[in-house]
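Before any comments, here is the structure.
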Number of protein chains: 2
Amino acid sequence: MERSTKQRAAIESALKKLARPLLPQELLAEAHKSVPNLSLATIYRNIKGLIADGVVDVVCLPGETDRYEIHRHHHHHFHCSSCEQVTDIDACPGDLSKLMPKGYLLEDHEITLYGKCPACAVRA
Amino acid sequence: MERSTKQRAAIESALKKLARPLLPQELLAEAHKSVPNLSLATIYRNIKGLIADGVVDVVCLPGETDRYEIHRHHHHHFHCSSCEQVTDIDACPGDLSKLMPKGYLLEDHEITLYGKCPACAVRA
DNA sequence: TTGTATGCAAAGCGTTTGCAGTGAT
DNA sequence: ATCACTGCAAACGCTTTGCATACAA
């Protein structure tokens, strides 16, 4: 990640434009618009670097392939159990160190909320 | 999942004995002790059935292969950033509905704590 | 006896890597 | 002119599947 390339620019731009957790394929499809020959390998290599730089975060859900999104301030995720859509949650309960067993050191936390999004809640 | 086999018994038994999220390989190693010829394919096939039956839960962490554990009462997970081991956390902050945006329905939540386990905390 | 569950090996899939060529500095 | 980055294809690791056999019912 020492040189800036149009490929990386396209990848970051795609992540910022769509502003939600993206699959490698979705990322490829979007970035492909500005860099026709872009390869999946380059997507993965850049994503890896961007994660190391703290620019991108991984969003992993059981049974789904990992998604990637631009790192925003600390936030969490909501996963609708009906339509499977993932939404960012800006709220945070704050310090969770009271949950830790003795001797364990807390560095960070991640919360996934499950339920129904407004559209699916109405339908049910 | 209509017949009960010694393979499935060994798999369930291994999950209960080690009582923590296990990788398919760890599960194979443990269950292999009582069923020498047990194959990975059988591990996967049974795990899939046990998940469908609500007997087993998937624990998925970014960059790690999925782990499996016996379904217990509501709890959370701690992931050591040094040794990668996953530990169950029985504490829970309780109601998180205050984090939900308007219109969203909360059904469940999952918390992953990151940090250092006692052994790794001392070493650092 | 019947047909589900198993073991093995091959196939699938998402991700990573080797290598020669490209392009940012 | 360097040497990091890219594209392509092969390699990888985890998971699933096809098929003949074993075994629970």
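Below, read A as the first sequence line, B as the second, and so on, with proteins coming before strands; counting in each chain starts at 1. Computation of the quantities below employed the complete heavy-atom set of this structure, encompassing side-chain atoms and omitting hydrogens, waters and symmetry-equivalent molecules.
- Distance from the side chain of Ser4(B) is smallest for dA24(D) among the nucleotides dA24(D), dT17(D), dT6(D).
- Counting non-hydrogen atoms under 4.0 angstrom, Ser39(B) reaches a base of the nucleic acid.
- Computed from coordinates, the Ile43(B) CD1 to dC8(C) P distance equals 13 Å when rounded to whole Å.
- Ring centers of His71(A) and His73(A): at least 6.0 Å apart, outside the cut-off.
- Of the charged side-chain nitrogens involved, none lies within less than 4.0 Å of a carboxylate oxygen, so that Asp57(B) and Arg72(B) do not count as a salt-bridged pair.
- Salt-bridge formation is not detected for the pair Arg20(B)/Glu69(B): no Lys NZ or Arg NE/NH1/NH2 atom is positioned less than 4.0 Å from an Asp or Glu carboxylate oxygen.
- Taking only side-chain atoms of Lys48(B), from C-beta outward, the nucleotide of dT25(C), dC5(D), dT17(D) with the closest atom is dT17(D).
- Residue Arg45(A) places its side chain closer to dT6(D) than to any other of dG7(C), dA4(D), dT6(D).
- The nearest whole Å value for the distance from the CG atom in Leu38(A) to the C1' atom in dC5(D) is 12 Å.
- Here the nucleotide nearest the side chain of Arg3(B), chosen from dA9(D), dA25(D), dT6(D), is dA25(D).
- If you measure from atom CE of Met1(B) to atom P of dA25(D), you get 13 Å, rounded to the nearest angstrom.
- In this structure, CG of Asn46(B) is placed 8 Å from C1' of dA5(C), rounded to the nearest angstrom.
- In this structure the side chain of His77(B) reaches within 4.5 angstrom of the side chain of His75(B), judged on heavy atoms.
- Closest to the side chain of Thr5(B), from the set dG7(D), dT6(C), dC14(D), is dT6(C).
- Between the CG atom of Leu28(B) and the P atom of dC14(D) there is a distance of 12 Å, rounded to whole Å.
- In this structure, the nucleotide among dT17(C), dT25(C), dG7(D) sitting nearest to the side chain of Gln7(A) is dG7(D).
- Nucleotide dC14(D) holds its P atom 9 Å from the CG atom of Leu23(B), rounded to whole Å.
- No donor-acceptor contact under 3.5 Å links the side chain of Arg8(A) to the base of dG23(C).
- Ionic pairing of Lys16(B) and Glu12(B) is present here: one or more N-O contacts between side-chain nitrogen and carboxylate oxygen are shorter than 4.0 angstrom.
- Put simply, Thr42(A) has a side-chain N or O that comes within less than 4.0 Å of OP1 or OP2 on dG7(D).
- In this entry the distance linking CG of Leu40(A) with P of dA10(D) reads 16 Å, nearest Å.
- Between the CD atom of Glu64(A) and the P atom of dC13(C) there is a distance of 16 Å, given to the nearest Å.
- Nearest-nucleotide positions on DNA chain D place Asn37(A) closer to the 5' end than the other of Asn37(A) and Asp66(B).
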